[in-house]
Amino acid sequence: MPDSDSNWRELYPFASNFLETAGHRIHYIDEGPRSGDPVLMVHGNPTWSFYWRGLISKLSYERSRTVAIDHMGCGLSDKPSKFDYCLASHRDNLCSLIDHLDLKNVTLMAHDWGGAIGLSTLLKRRERFKRIVLFNTGAFPPPYVPLRIRACRWPLVGQLGVRGLNMFARAAITMATEQRGGLPDRVAAGMIAPYDSWANRIAIYHFVKDIPVTRMHRTWKLLAEVEKQLPSLASMPSMLVWGMKDWCFRPECLERFVKAWPDAEVHRLDDAGHYVVEDAAGEVEDLAAEFVGRAIAESTGE
């Protein structure tokens with residue numbers, strides 16, 4: 001079974017750092033030279049900073065500071081039973097981390113729920129950000145919610161499946177990738193390692209619950225506000241990299257960003273799925289390193 005393979009730790013050789021907030025610890029990675037413009041990596045659900053491991057290694061080697069958060073309840077962060085797991089709370093925690101590290105000239109790099117969390121954070125700390133890189137994400141009320149995700153929201157049955165049987169995180173090992181047979185065993189083991197019990201799957205379940213399917217949901221309003229402000233970010237250098245076989249954040253999500261940011265650099269990867277950073281690792285890492293390096297050089301006049 002993938003979760004019995006402890007060798008995943010060899011793929012994640014980074015020092016752990018923690019920020020305490022409201023009595024709980026948030027885990028984050030901080031690699032590379034402190035003098036470099038930081039790249040802030042923001043994961044979604046059901047991933048964690050492990051998802052960014054290849055980009056952390058590549059960009060820190062290329063002399064960029066790389067910071068990757070584990071949202072509360074995710075990865076190696078604390079998983080409190082009493083915490084308001086919602087978009088606004090994750091945004092506020094990310095703001096706290098940025099302030100704590102005094103990050104400036106930041107490149108936002110985000111995937112899945114990380115897009116909404118990261119962009120809402122950017123809008124609150126706009127003076128600290130310089131560039132944007134997005135992978136298969138959204139920052140607007142969802143135009144659709146796939147049935148397989150809706151089922152995870154059903155009372156009792158949904159919670160039993162997500163928290164009791166770990167069906168959401170386990171399903172992603174095969175359903176979020178276009179790799180034949182699913183993610184390699186060590187990668188799969190790393191993806192689900194922090195989510196090994198009912199208690200430790202609390203954030204996964206609440207991320208699913210936080211998807212606003214009606215305007216009455218509290219997160220709908222925040223997402224609508226973020227969407228309204230997307231055109232105001234059009235002047236920031238941005239790159240959009242999309243796995244075109246994603247059944248969740250489908251190509252129409254990409255086109256909504258393209259409409260808001262007509263000058264964005266766009267890469268459509270035809271054979272990659274939702275876990276585009278896994279499916280096209282080498283290409284994604286090269287694209288990211290080239291974009292970040294070029295954008296920093298242009299901004300500094302080098």
Side-chain angles (χ1 to χ4, degrees), residues 3 8-9 12 14 16-30 40-53 67-101 109-121 137-138 149 152-156 158-173 176 188-212 217-219 222-223 248 274-275:
D3 52 348
W8 67 267
R9 292 187 177 276
Y12 186 77
F14 313 116
S16 289
N17 305 273
F18 293 90
L19 171 66
E20 185 165 325
T21 176
H24 305 297
R25 297 191 313 163
I26 293 175
H27 175 263
Y28 65 95
I29 299 300
D30 191 352
L40 178 62
M41 302 177 177
V42 188
H43 71 84
N45 185 44
T47 55
W48 57 293
S49 56
F50 179 83
Y51 181 72
W52 300 113
R53 66 198 181 280
V67 177
I69 190 173
D70 286 342
H71 302 303
M72 189 71 77
C74 300
L76 304 183
S77 291
D78 288 349
K79 301 171 178 64
S81 59
K82 294 184 179 180
F83 176 78
D84 189 10
Y85 291 97
C86 67
L87 173 57
S89 295
H90 292 307
R91 174 204 62 195
D92 292 346
N93 284 340
L94 188 57
C95 285
S96 295
L97 180 62
I98 291 169
D99 295 343
H100 172 70
L101 297 177
M109 189 169 287
H111 171 253
D112 191 88
W113 264 104
I117 297 168
L119 288 168
S120 60
T121 299
T137 185
I149 292 180
C152 294
R153 298 162 52 92
W154 293 344
L156 298 179
Q159 184 162 204
L160 178 62
V162 173
R163 297 189 68 182
L165 302 177
N166 204 17
M167 291 176 61
F168 195 87
R170 282 186 174 278
I173 290 172
M191 285 288 197
I192 66 175
Y195 309 119
D196 57 358
S197 69
W198 174 282
N200 286 343
R201 296 167 195 147
I202 187 169
I204 293 178
Y205 179 63
H206 281 284
F207 263 118
V208 176
K209 292 270 289 183
D210 200 40
I211 299 170
H217 194 292
R218 61 176 176 171
T219 294
L222 178 52
L223 284 171
C248 186
H274 180 62
Y275 280 174

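Source: prediction; values computed, not measured.
Here the CD1 atom belonging to I204 is positioned 13.0 Å from the CE atom belonging to M167, to the nearest 0.5 angstrom. The line from NE2 of H24 to NZ of K82 is 10.0 Å long, rounded to the nearest 0.5 Å. Atoms CG and CE, from D92 and M72 in turn, are 11.0 Å apart once rounded to the nearest 0.5 Å. Remark: L19 CG to D70 CG distance equals 12.5 Å, nearest 0.5 Å. Rounded to the nearest 0.5 angstrom, I173 CD1 and M191 CE are separated by 8.5 Å. Rounding to the nearest 0.5 Å places CD1 of I29 at 11.5 Å from CD1 of I69.
The backbone N or O of G73 lies less than 3.5 Å from no partner atom in the side chain of S77, so there is not a single donor-acceptor pair. Remark: the backbone N or O of V162 is not paired with any side-chain donor or acceptor of R201 at under 3.5 angstrom. Using modelled atom types, no side-chain atom of S49 and backbone atom of A68 make a donor-acceptor pair closer than 3.5 Å.
Using a 4.5 Å heavy-atom threshold, the side chains of D78 and H27 count as separate. Looking only at side-chain heavy atoms (C-beta outward), D210 and H90 stay at 4.5 Å or farther from each other. W198 has its side chain within reach of Q159: a pair of non-hydrogen atoms, C-beta onward, lies under 4.5 Å apart. Counting heavy atoms from C-beta outward, H100 and T21 have side chains that stay 4.5 Å or more apart. In this structure, Y195 and F168 have side chains that are not in contact, with every pair of non-hydrogen atoms separated by 4.5 Å or more. Residues V42 and L94 are in side-chain contact: their nearest non-hydrogen atoms beyond the backbone lie under 4.5 Å apart.
Considering every non-hydrogen atom in both S16 and L76, the closest pair reads OG-CD1, 4.0 Å. Contact between W52 and A110 at its shortest, heavy atoms only, is CH2-C, 3.9 Å. Residues L97 and V67 approach most closely at CD2-CG1, 4.2 Å, considering heavy atoms. The shortest heavy-atom contact between C248 and I149 is SG-CD1, 3.8 Å. The nearest pair of heavy atoms linking H111 to H274 is NE2-O, 2.9 Å. Scanning all heavy atoms of the two residues, the minimum distance from C74 to F207 falls at SG-CE1, 3.7 Å.
Partner W113 forms a side chain to side chain contact (heavy atoms under 4.5 Å, CB included) with one of T47, T137, L87 and no other, that one being L87.
Aromatic pair Y85/Y205: centroids not less than 6.0 angstrom apart.
Neither side chain, N93 nor H71, offers a donor N or O lying under 3.5 Å from an acceptor on the other.
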#### Entry: Candidate pair W48 and Y12, rule ring-ring contact (aromatic ring centres under 6.0 Å, His included), full reasoning
CA-CA 11 Å; W48 57 293; Y12 186 77; 5.0 Å; yes
